[in-house]
Visitor: 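Quick one: structure below, then a few questions.
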Amino acid sequence: VRITPTGGRSSPIPNDRVVSVRQLAECYGELQNVASRKDIALMARHTSCPDTRAKLEALADPNGSHYRQEVFLQRKSALDLLDEFPACELPFSAFLEMIPWLSPRYYSISSSPEADPQRCSITVGVVSGPARSGRGTYHGVCSGFLAGAREGDVIQAVVKPPSAEFRLPADPARPLIMVGPGTGLAPFRGFLQARRAQQASGATLGPALLLFGCRHPEQDYIYREELEAAARDGLVELHVAFSRLGDERVYVQDVLRQQRARVWELLQQDAVIYVCGDGAAMEPDVRSALTKLYAEETDAGVEEAQATLDTLAEEGRYVLDVWAGA
């Protein structure tokens, strides 16, 4: 097909070039995005079958509950609905119009140029599982692509500075508290590589506390050898939370409470707190644990403790690299 974007908007699709339908599907459109009511209404207008049209109109009704229950919560895409309603006669050009442009995926760099200036690594959790729609398997667009890439493949990427000051302090002697379950470990792996290089150059390193969380030591304890070697070499004090090891589920915020004396000691020494990972559940739980710790150690009220965390954030001592949870 020959693509000529219109409407005055910039487009990621090559303008006035012939591309294959497969290339369009693989490289330019968010095919798994949830269909909107507007999309479904358009599908209804292109349906002559009265029974199918009525069902689509019910899903598109802004005053009805069908859309939320049958489309939004099940994460059904336009493709899912076209499979479900084969009588829909949506033109291919109209389908292309309703597909959002593919957005970039952002990952934290999990290496340090001080360890190897020619190599940059990322740590990615592959998303794959039964689709909520009940139809087939959902594959993460970028994680699936990366998992299938082979040595020598070319991958389009760009390196950008972090939106927050999520980097090691200029003074290597300043204490660190790092909290990163799962792939939230990524930037801290880079931190440890940088600290190893600093140690080798003769720098005096301050204490560093790493709270890492995963499900089970035999399943997803990523970079285990590296982390335990860093702990043996005095680069970090390592504490791991396993949420599926025994009957009790232990998370990073639980380990933070277990290590409260050490955490408070480092905070009194002007430590910087870094939190990386799920911003919907994990980070609020970590913030709550820190708030309670401060309140208990100072006999302050909850509001005062919360204000203290806000002040730490403003001062660059509580720094986040978080993303929305599932």
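Predicted model, so just to flag it, every value in this text is computed and none were measured.
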Visitor: Ring-plane angle category for Phe166 and Phe188, please: parallel below 30°, perpendicular beyond 60°, tilted otherwise.
Guide: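 Phe166 and Phe188: tilted rings.
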Visitor: Please enumerate all residues that pass side-chain hydrogen bond (donor to acceptor under 3.5 Å, both in side chains) together with Glu297, with sequence neighbours excluded.
Guide: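 Glu297: side-chain hydrogen bond (donor to acceptor under 3.5 Å, both in side chains) contacts with Arg260.
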Visitor: Using side chain to side chain contact (heavy atoms under 4.5 Å, CB included) as the criterion, list what pairs up with Pro113, not counting sequence neighbours.
Guide: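 Pro113 satisfies side chain to side chain contact (heavy atoms under 4.5 Å, CB included) with no other residue.
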Visitor: Take Asp310 and Arg287, measure what side chain to side chain contact (heavy atoms under 4.5 Å, CB included) needs, and give me the verdict at the end.
Guide: CA-CA 10 Å; Asp310 292 338; Arg287 178 183 285 261; 3.3 Å; yes
Visitor: Using a strict cut-off of less than 4.0 Å between a Lys/Arg side-chain nitrogen and an Asp/Glu carboxylate oxygen, indicate whether Arg244 and Asp220 qualify as a salt bridge.
Guide: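 Salt bridge flag = no for Asp220 with Arg244.
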Visitor: Tell me whether Tyr294 contacts the main-chain N or O of Val302 through its side chain, where contact means a donor paired with an acceptor under 3.5 Å.
Guide: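 Checking the backbone N and O of Val302 against the side chain of Tyr294, no donor-acceptor pair under 3.5 Å is found.
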Visitor: Going by heavy atoms in the side chains, are Cys276 and Ser108 under 4.5 Å from each other?
Guide: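 Cys276 vs Ser108: side chains touch.
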Visitor: Would you mind writing out the side-chain donor-acceptor pairs for residues 57-64 within the sub-3.5 Å range, not counting sequence neighbours?
Guide:
residue : atom : partner : partner atom : Å
Asp61   : OD1  : Asn63   : N            : 2.9

Visitor: With rounding to the nearest 0.5 Å, note down the distance linking NZ in Lys55 to CD in Glu70.
Guide: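 Spacing of NZ (Lys55) from CD (Glu70) equals 10.0 Å.
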Visitor: Any heavy-atom pair between the side chains of Met178 and Val236 that's under 4.5 Å?
Guide: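 With C-beta onward as the side chain, the pair touches.
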Visitor: Could you tell me which residues satisfy ring-ring contact (aromatic ring centres under 6.0 Å, His included) with Phe212, sequence neighbours excluded, listed by chain and number?
Guide: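 Scan of Phe212 (ring-ring contact (aromatic ring centres under 6.0 Å, His included), adjacent residues dropped) gives Tyr221.
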Visitor: Quick one: do Leu245 and Leu256 end up in the same hydrophobic cluster if we chain Ile, Leu, Val, Met, Phe, Trp and Tyr together by side-chain heavy atoms under 4.5 Å apart?
Guide: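 Leu245 and Leu256: separate clusters.
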Visitor: Hydrophobic cluster membership, with links at side-chain heavy-atom distances under 4.5 Å among I/L/V/M/F/W/Y: are Val179 and Leu210 in one?
Guide: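 Hydrophobic grouping puts Val179 apart from Leu210.
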Visitor: Please name the pair of heavy atoms, one in Thr137 and one in Ser128, separated by the smallest distance, quoted to 0.1 Å.
Guide: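 So the minimum-distance heavy-atom pair works out to CG2-OG, 3.8 Å.
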Visitor: Without swapping roles, check the side chain of Arg317 against the backbone of Leu267 for a donor-acceptor pair under 3.5 Å.
Guide: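 Judged by distance alone, yes, a pair lies under 3.5 Å.
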Visitor: How long is the straight-line distance from CG of Leu293 back to OG of Ser288, given to the nearest 0.5 Å?
Guide: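 Answer rounded to 0.5 Å: 11.0 Å.
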Visitor: Please find the pair of heavy atoms, one from Leu176 and one from Ala271, that lie closest to each other, and give the distance.
Guide: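 So the minimum-distance heavy-atom pair works out to N-CB, 4.4 Å.
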Visitor: Nearest 0.5 Å, please: how far is CH2 in Trp264 from CD in Gln269?
Guide: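 Spacing of CD (Gln269) from CH2 (Trp264) equals 12.0 Å.
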Visitor: Under 4.5 Å side-chain heavy-atom separation, chaining through any Ile, Leu, Val, Met, Phe, Trp or Tyr, what else clusters with Tyr107? Say none if it is isolated.
Guide: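 Cluster partners of Tyr107: Ile122, Val124, Phe145, Leu146, Ile155.
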Visitor: Can you run down the salt bridge (Lys or Arg N to Asp or Glu O under 4.0 Å) pairs that involve residues 148-162, sequence neighbours left out, and say none if there aren't any?
Guide: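 Applying salt bridge (Lys or Arg N to Asp or Glu O under 4.0 Å) to every pair that reaches into residues 148-162, excluding sequence neighbours, yields nothing.
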Visitor: Please list, chain by chain and in numerical order, all residues satisfying side-chain hydrogen bond (donor to acceptor under 3.5 Å, both in side chains) with Gln306, sequence neighbours excluded.
Guide: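 Result, side-chain hydrogen bond (donor to acceptor under 3.5 Å, both in side chains) vs Gln306: none returned.
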Visitor: Does Cys49 offer a backbone N or O that forms a donor-acceptor pair with the side chain of Thr47 under 3.5 Å?
Guide: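 Not a single qualifying donor-acceptor pair exists.
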Visitor: Name all residues meeting the salt bridge (Lys or Arg N to Asp or Glu O under 4.0 Å) criterion together with Asp254; count only those two or more places apart in sequence or in a different chain, and write none if there are none.
Guide: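 Expected list: Arg257.
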Visitor: Measure the spacing between NE2 of His239 and CG of Leu211 and express it to the nearest 0.5 Å.
Guide: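 Result: 7.0 Å between the selected atoms.
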Visitor: Clusters formed by hydrophobic residues whose side-chain heavy atoms approach within less than 4.5 Å: which one holds Tyr138, and what are its other members?
Guide: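 Cluster partners of Tyr138: Val127.
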Visitor: Could Asp80 and Arg75 be called an ion pair, given the rule that one side-chain N must be under 4.0 Å from one carboxylate O?
Guide: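 Answer for the salt bridge query: no.
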Visitor: Evaluate whether atom CD of Gln268 has more than 12 neighbouring non-hydrogen atoms of other residues, nucleotides or ligands under 6.0 angstrom away.
Guide: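 Correct, the count exceeds 12.
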Visitor: Please say yes or no: joined through hydrophobic side-chain contacts below 4.5 Å, possibly via intermediate residues, are Phe95 and Ile40 part of one cluster?
Guide: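 Same cluster.
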Visitor: Would you confirm whether Lys76, through its side chain, and Ala35, through its main-chain N or O, come within 3.5 Å as a donor-acceptor pair?
Guide: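 Pair absent, no side-chain N/O of Lys76 close to backbone of Ala35.
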Visitor: Please list all pairs passing the side-chain hydrogen bond (donor to acceptor under 3.5 Å, both in side chains) test where one or both residues lie in residues 183-200, with sequence neighbours left out.
Guide: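 Qualifying pairs, neighbours excluded: Ser121-Arg189, Arg189-Glu226, Arg196-Asp233.
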Visitor: Are more than 12 heavy atoms from other residues, nucleotides or ligands located less than 6.0 Å from atom NE2 of His66?
Guide: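 No.
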Visitor: Which pair of non-hydrogen atoms, one from Ala241 and one from Val250, has the smallest distance, and what is that distance?
Guide: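 That closest heavy-atom pairing would be CB-O, 3.5 Å.
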Visitor: After noting the C-alpha distance and the side-chain angles of Cys88 and Leu82, does the key distance pass the side chain to side chain contact (heavy atoms under 4.5 Å, CB included) rule?
Guide: CA-CA 7 Å; Cys88 177; Leu82 289 172; 3.9 Å; yes
Visitor: Are side-chain heavy atoms of Glu89 and Ser48 found at a separation under 4.5 Å?
Guide: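 Yes, side chains in contact.
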Visitor: Would you say that Glu218 contacts Arg224 through its side chain, given a criterion of any heavy-atom pair below 4.5 Å between the two side chains?
Guide: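 The answer is yes, as the side chains (C-beta and beyond) meet within the 4.5 Å cut-off.
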Visitor: Which atoms form the tightest heavy-atom contact between Tyr318 and Glu283, and what is the distance?
Guide: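 Closest approach of Tyr318 to Glu283, heavy atoms only: OH-OE2, 2.7 Å.
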Visitor: Glu265: what forms a salt bridge (Lys or Arg N to Asp or Glu O under 4.0 Å) with it, not counting sequence neighbours?
Guide: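 Testing Glu265 for salt bridge (Lys or Arg N to Asp or Glu O under 4.0 Å), a comparison that skips the adjacent residues, returns Arg262.
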Visitor: Should Leu81 and Met43 count as side-chain neighbours, where that means a heavy-atom distance under 4.5 Å?
Guide: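 SC-SC contact between Leu81 and Met43 confirmed.
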Visitor: Measure the CD1-CD distance between Ile177 and Gln259 for me, rounded to the nearest 0.5 Å.
Guide: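 It is 11.0 Å, given to the nearest 0.5 Å.
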Visitor: Taking side chain as C-beta onward, heavy atoms only, is Arg249 less than 4.5 Å from Tyr251?
Guide: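 The answer is yes; the side chains approach within 4.5 Å.
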Visitor: If only atom types and distance count, is the side chain of Arg215 paired as donor or acceptor with the main-chain N or O of Phe242 below 3.5 Å?
Guide: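 No, the answer is negative, given that no donor and acceptor are paired below the 3.5 Å cut-off.
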Visitor: Parallel, tilted or perpendicular for Tyr67 and Phe72, by the 30°/60° rule?
Guide: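 Rings of Tyr67 and Phe72: tilted, 30 to 60°.
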Visitor: Any chain of hydrophobic side-chain contacts (each under 4.5 Å) joining Leu312 to Leu209?
Guide: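 Yes; Leu209 is reachable from Leu312 via cluster members.
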Visitor: Whether the Glu30 and Ser103 side chains hold a donor-acceptor pair (N or O, under 3.5 Å, no angle test) is what I'd like checked.
Guide: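 Yes, Ser103 and Glu30 have a side-chain donor paired with an acceptor closer than 3.5 Å.
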Visitor: Evaluate the criterion side chain to side chain contact (heavy atoms under 4.5 Å, CB included) for residue pair Val275 and Asp321; output intermediate values, then yes/no.
Guide: CA-CA 6 Å; Val275 182; Asp321 180 6; over 6 Å; no
Visitor: What's in the same ILVMFWY side-chain cluster as Leu235, cut-off under 4.5 Å, chained through other members?
Guide: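 ILVMFWY cluster around Leu235 also holds Leu205.
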Visitor: Rounded to the nearest 0.5 Å, what's the gap from NE2 on His46 to CZ on Arg53? Could you check?
Guide: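 Nearest 0.5 Å value for the NE2-CZ distance: 12.5 Å.
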Visitor: Return the minimal non-hydrogen interatomic distance between Leu185 and Leu227, and the atom names on each side.
Guide: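 Taking Leu185 first and Leu227 second, the nearest heavy atoms are CD2-CD1, 3.8 Å.
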Visitor: Side-chain contact test, heavy atoms from C-beta onward, threshold under 4.5 Å: evaluate it for Tyr274 versus Phe191 and give yes or no.
Guide: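 Side-chain contact under 4.5 Å: yes.
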Visitor: Using the salt bridge (Lys or Arg N to Asp or Glu O under 4.0 Å) rule, take Asp270 and Arg174 through it: C-alpha gap first, then chi angles, then the decisive distance, then the call.
Guide: CA-CA 7 Å; Asp270 201 32; Arg174 190 169 186 183; 3.1 Å; yes
Visitor: Indicate the atoms forming the closest heavy-atom contact of Ile222 with Gly182, along with that distance.
Guide: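 So the minimum-distance heavy-atom pair works out to CD1-O, 3.6 Å.
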Visitor: Would you say the side chain of Met282 lies within less than 4.5 Å of the side chain of Asp285, judging by non-hydrogen atoms?
Guide: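 No. Closest side-chain heavy atoms not under 4.5 Å.
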Visitor: Under the criterion side chain to side chain contact (heavy atoms under 4.5 Å, CB included), I'd like the reasoning laid out for Val141 against Gln32: C-alpha separation, chi angles, the key distance, then a yes or no.
Guide: CA-CA 9 Å; Val141 175; Gln32 297 185 108; 3.5 Å; yes
Visitor: Please determine if Glu237 and Arg232 form a salt bridge, counting it only when a charged side-chain N lies under 4.0 Å from a carboxylate O.
Guide: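 No.
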